[in-house]
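Indexing begins at 1, ligand by ligand and atom by atom, following the structure's order.
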Amino acid sequence: MGRKFVVGGNWKMNGDKNTIHEIITTLSNGPLDPNVEVVIGIPAIYLAYVQSIVPDNLKVAAQNCWKVEKGAFTGEISPAMIKDVGSEWVILGHSERRTIFKETDELVAEKVAHALATGLKVIACIGETLEEREAGKTEEVVFRQTLPLIAAIGDNWDRVVLAYEPVWAIGTGKTASPAQAQEVHAALRNWLVSNASPAVAEAVRIQYGGSVTAANAKELAACPDIDGFLVGGASLKPEFVDIVNATM
Ligand SMILES: O=C[C@H](O)COP(=O)(O)O
């Protein structure tokens with residue numbers, strides 16, 4: 001069976017009640033391709049609000065969470081809380097979490113394991129910096145970041161989407177070319193054959209993220225190993241509808 005296209009919109013630390021209402025209205029009017037799974041990543045403080053106004057065809061994600069259920073972790077939110085307000089997804093390991101907040105591959109894996117154990121679905125992000133790409137280390141970095149996720153995910157691959165986001169393409173307007181993105185996606189899928197299983201490699205959806213716009217989405221979506229997008233800036237704009245519909 002083919003992999004269902006999945007498009008995430010990561011709002012990052014953007015939006016207020018007014019603009020959120022506008023974005024949800026735009027997405028509700030769509031129309032959005034019913035064959036595409038759409039997940040929007042919301043600042044934690046607005047999760048419950050968005051959950052209360054969102055139509056059924058849009059799923060809601062938190063952009064981060066901590067690795068235990070509850071306790072003395074000032075400022076953090078837990079997967080149990082995300083679930084409690086009705087959201088099904090969490091984005092973990094985003095490059096901004098890794099670089100700005102110093103999250104290690106191991107911490108990301110611990111978070112993934114706990115989020116999955118709580119019943120959430122996870123978008124797990126990986127991707128190399130410009131320096132790493134120029135040093136010819138793209139695959140080495142992507143495989144290194146993915147390795148601890150294998151044990152963390154265990155038998156729960158059906159609730160995981162991988163997002164390949166080259167750091168040099170995030171918010172820069174420098175999209176990876178379809179050939180560059182496809183090359184990494186194919187290499188990662190091939191690596192999963194031996195490091196997870198052939199069935200996982202075949203079934204897991206790998207999103208591309210990094211300066212995706214309505215203008216480049218169709219060409220990227222046509223690549224055989226690109227199964228969706230994780231969109232930042234453009235997910236706040238009406239063009240997100242066209243990105244969701246890129247495979248129509
Ligand atoms: O999570 C989304 C990515 O960081 C991509 O952001 P961007 O589309 O603004 O480049």
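- The pair Glu37-Lys4 does not meet the salt-bridge criterion, since no charged nitrogen lies less than 4.0 angstrom from a carboxylate oxygen.
- Annotation: side chain of Asp227 is in contact with side chain of Arg189 (closest heavy-atom distance under 4.5 Å).
- When hydrophobic residues (I, L, V, M, F, W, Y) are linked wherever their side-chain heavy atoms come within less than 4.5 Å, the members clustered with Trp89 are Val6, Val39, Ile91, Ile123, Val161, Leu230.
- A side-chain contact (heavy atoms from CB on, under 4.5 Å) with Thr146 is found for exactly one of Asn195, Ile126, Ile153, Val141, namely Ile126.
- Ring planes of Tyr164 and His185: perpendicular class, angle over 60° (limits at 30 and 60°).
- Protein neighbours of ligand 1 below 4.0 Å, counting non-hydrogen atoms: Asn10, Lys12, His94, Glu165, Ala169, Ile170, Gly171, Gly210, Ser211, Leu230, Val231, Gly232, Gly233.
- Among His94, Lys111, Arg98, the single residue meeting the side chain to side chain donor-acceptor pair (under 3.5 Å) criterion with Glu103 is Lys111.
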